[in-house]
Trainee: 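Structure provided below as structure tokens; questions to follow.
Hydrogens, waters and symmetry mates are skipped; everything else that's a heavy atom, side chains included, is used.
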Amino acid sequence: MSNETENKKAHIITISNEKGGTGKSTISMHLAIKLMQEGYSVATFDLDGRQGSLSKYIDNRIKYCEAKGLELPVPAHTRVYPEDNHYLLPQAREKLSFQIFEAAGKFDAVIIDTPGTKNYLFEEAHKYADTVITPISDSLIDLNVLADIDYDSERIRMPGHYANYIWDVKKYLASQGKSYLNWIVVGNKLSSYNSKNKALVFSYLERLSKLYGFRFASGLKDRVIYKELFLEGLTVLDMNNDTLKMKMTMSHLSAKREIRALAEFISPEES
């Protein structure tokens with residue numbers, strides 16, 4: 001990404017998994033604030049408009065800042081509701097496409113939080129992606145979106161439906177002249193315990209990364225602090241702001257290290 005104001009072309013980051021409840025909004029918000037703290041301009045899209053988790057997060061942040069008289073970075077945000085009228089879908093696709101294209105010309109980064117099921121909004125979000133971030137928990141059930149695995153023989157039978165979809169996205173982007181998609185699978189809502197199950201999931205993710213061409217980051221633990229901060233629209237990256245006068249606990253510090261490590265991992269190499 002660049003801070004140049006001339007010929008600006010945003011890096012577009014799509015947070016996606018064909019499954020709900022993986023923590024996409026938490027990652028979207030923290031990544032947006034991390035980039036803004038580094039001086040980048042950021043636009044965010046919430047394409048899961050009905051549930052609106054990211055939109056509520058940002059709205060909570062705006063209200064908190066107004067109530068406390070604070071000035072914290074807030075991304076330019078767009079909440080998108082799905083169009084239910086089949087006949088209006090082409091216009092809805094075109095409108096979203098224009099909104100993303102327009103934001104890409106005005107900001108350094110565009111972060112798109114997608115719905116947990118595939119629809120036209122989900123599809124449009126991937127058409128522009130430079131980076132796709134897929135949060136996944138340390139559950140064997142969640143691995144099903146990536147691969148069909150025979151755990152008795154430890155054999156990976158075939159790609160899961162989401163991995164197949166990302167392969168289609170890569171082919172589409174290649175047809176548009178984009179030869180590389182920075183696909184990252186991120187462990188999220190992870191157990192704090194180093195269980196046998198967690199180790200097994202991680203070992204399969206490492207194997208799948210070589211087969212399907214993604215990078216795997218161990219990611220974020222399932223911390224209460226993330227849920228608490230949501231209510232005020234804050235992130236762990238805000239905790240060192242003097243105006244907040246908040247005491248940093250060990251949980252805050254650990255979470256902050258996780259977010260920083262994840263942001264550094266996500267940043268694509270300059271070509």
Trainee: Identify the two heavy atoms, one from L234 and one from Y57, that lie closest to each other, and give their separation to 0.1 Å.
Mentor: O-OH, 2.6 Å
Trainee: Can you confirm whether more than 12 heavy atoms, excluding those of Y151, are under 6.0 Å from its OH atom?
Mentor: yes
Trainee: How far apart are the closest heavy atoms of A255 and R223, and which atoms are they?
Mentor: CB-CD, 3.8 Å
Trainee: Quick check against the 3.5 Å criterion: does D108 have a side-chain atom that pairs as donor or acceptor with the backbone of S41?
Mentor: yes
Trainee: Given E258, which of V236, L253, L220 fulfils the side chain to side chain contact (heavy atoms under 4.5 Å, CB included) condition?
Mentor: L220
Trainee: Measure the shortest side-chain to side-chain distance between R93 and K127 over non-hydrogen atoms and say whether it is less than 4.5 angstrom.
Mentor: yes
Trainee: To the nearest 0.5 Å, what is the distance between CG on D48 and OH on Y81?
Mentor: 10.5 Å
Trainee: Check the surroundings of atom CD in E154: do more than 12 heavy atoms from other residues, nucleotides or ligands lie under 6.0 Å from it?
Mentor: no
Trainee: Please report the shortest heavy-atom distance between L181 and V169, naming the atom on each side.
Mentor: CD2-CG1, 4.2 Å
Trainee: Check the pair L54 / T44 against side-chain contact (heavy atoms from CB on, under 4.5 Å), numbers first and verdict last.
Mentor: CA-CA 9 Å; L54 179 59; T44 51; 4.2 Å; yes
Trainee: How about Y180 and N182: do any of their side-chain heavy atoms sit closer than 4.5 Å?
Mentor: yes
Trainee: Do D142 and S137 meet the criterion of a side-chain donor-acceptor pair at a distance under 3.5 Å?
Mentor: yes
Trainee: What closest approach, in Å, do M36 and P75 show between heavy atoms, and which atom pair accounts for it?
Mentor: SD-N, 3.5 Å
Trainee: Could you walk me through whether I184 and V132 pass the side-chain contact (heavy atoms from CB on, under 4.5 Å) test, one step at a time?
Mentor: CA-CA 6 Å; I184 300 169; V132 170; over 6 Å; no
Trainee: Got a second to check how far D238's CG is from C65's SG, nearest 0.5 Å?
Mentor: 8.0 Å
Trainee: When rounded to the nearest 0.5 angstrom, what distance separates CD in E206 from CG in L211?
Mentor: 12.0 Å
Trainee: Backbone N or O of N85 within a donor-acceptor pair of the E83 side chain at under 3.5 Å?
Mentor: yes
Trainee: In the structure I gave you, are the side-chain heavy atoms of I15 and T114 within less than 4.5 Å of one another anywhere?
Mentor: no
Trainee: Are V110 and L31 grouped together when hydrophobic residues (ILVMFWY) are joined by side-chain heavy atoms under 4.5 angstrom apart?
Mentor: no
Trainee: Search all heavy atoms of Q99 against all heavy atoms of V80 and return the closest pair with its distance.
Mentor: OE1-CG2, 4.3 Å
Trainee: Are K24 and D113 ion-paired here, with the side-chain N under 4.0 Å from a carboxylate O?
Mentor: no
Trainee: Is the shortest heavy-atom distance from the side chain of I27 to the side chain of V186 under 4.5 Å?
Mentor: yes
Trainee: Any chance you could lay out the side-chain contact (heavy atoms from CB on, under 4.5 Å) test for T131 and T14, step after step, and finish with the verdict?
Mentor: CA-CA 6 Å; T131 295; T14 297; over 6 Å; no
Trainee: Nearest 0.5 angstrom please: K210 NZ to L205 CG, how far?
Mentor: 11.0 Å
Trainee: Would you say NZ of K63 has more than 12 non-hydrogen atoms from neighbouring residues, nucleotides or ligands within 6.0 angstrom?
Mentor: no
Trainee: I'd like to know if the side chain of N17 and the backbone of P135 have a donor-acceptor N/O pair within less than 3.5 Å.
Mentor: yes
Trainee: Is there a path of hydrophobic side-chain contacts, each under 4.5 Å between heavy atoms, that joins L146 and F202?
Mentor: yes
Trainee: Could you list the residues that satisfy side chain to side chain donor-acceptor pair (under 3.5 Å) with S16, not counting sequence neighbours?
Mentor: H126, Y162
Trainee: With clusters defined by side-chain heavy atoms of hydrophobic residues (ILVMFWY) lying less than 4.5 Å apart, directly or transitively, does L173 cluster with I112?
Mentor: no
Trainee: Does a salt bridge link D59 with R79, judged by any charged N lying under 4.0 Å from a carboxylate O?
Mentor: no
Trainee: Considering only NZ, NE, NH1 and NH2 on the basic side and carboxylate oxygens on the acidic side, decide whether E264 and R260 come within less than 4.0 Å.
Mentor: no
Trainee: Is there a donor-acceptor pair under 3.5 Å between the side chain of E124 and the backbone N or O of L96?
Mentor: no
Trainee: Under 4.5 Å between side-chain heavy atoms, hopping through other hydrophobics if needed: is there a path connecting F122 to F45?
Mentor: no
Trainee: Quick check: do L35 and I111 have side-chain heavy atoms less than 4.5 Å from each other?
Mentor: yes
Trainee: Verify the cluster assignment for V74 and M239: are they in a single hydrophobic cluster under the rule of side-chain heavy atoms below 4.5 Å apart?
Mentor: yes
Trainee: When rounded to the nearest 0.5 angstrom, what distance separates CG in L70 from CD1 in I62?
Mentor: 13.5 Å
Trainee: Please report the interatomic distance CD(E18) to OG1(T134), rounded to the nearest 0.5 Å.
Mentor: 10.5 Å
Trainee: side-chain contact (heavy atoms from CB on, under 4.5 Å), that's the test. Do L143 and L208 meet it? Break it down for me.
Mentor: CA-CA 10 Å; L143 280 179; L208 292 172; 4.3 Å; yes
Trainee: Keeping S97 on the side-chain end and E94 on the backbone end, is there a donor-acceptor pair under 3.5 Å?
Mentor: no
Trainee: Within a strict 4.5 Å, meaning less than it, do heavy atoms of the D148 and N144 side chains meet?
Mentor: no
Trainee: Of all residues at least two apart in sequence or in a different chain, which pass the ring-ring contact (aromatic ring centres under 6.0 Å, His included) check with F214?
Mentor: W183
Trainee: So, D84 and R50, do they make that salt bridge, N to O below 4.0 Å?
Mentor: yes
Trainee: Minimum heavy-atom separation for A125 to L47, with atom names?
Mentor: CB-CD1, 3.7 Å
Trainee: So that I can tick it off, tell me whether K106 and E102 are bridged by a salt bridge, with the cut-off set at under 4.0 angstrom between side-chain N and carboxylate O.
Mentor: yes
Trainee: Given 3.5 Å as the limit, does a donor-acceptor pair link the side chain of R61 with the main chain of L72, or not?
Mentor: no
Trainee: Are any side-chain N or O atoms of K178 and backbone N or O atoms of A129, one a donor and one an acceptor, separated by less than 3.5 Å?
Mentor: yes
Trainee: Please say whether the positively charged group of R215, taken as NZ for Lys or CZ for Arg, lies over the ring of F265, i.e. under 6.0 angstrom from the six-membered ring centre and within 45 degrees of the axis.
Mentor: yes
Trainee: Determine whether the aromatic ring centres of F107 and Y40 lie less than 6.0 Å apart.
Mentor: no
Trainee: Would the distance check show the side chain of D130 and the main-chain N or O of I12 forming a donor-acceptor pair, the cut-off being under 3.5 Å?
Mentor: yes
Trainee: Indicate yes or no: does D46 engage K56 in a salt bridge with an N to O separation below 4.0 Å.
Mentor: no
Trainee: Would Q176 and Y128 count as having a side-chain donor-acceptor pair, cut-off 3.5 Å?
Mentor: no
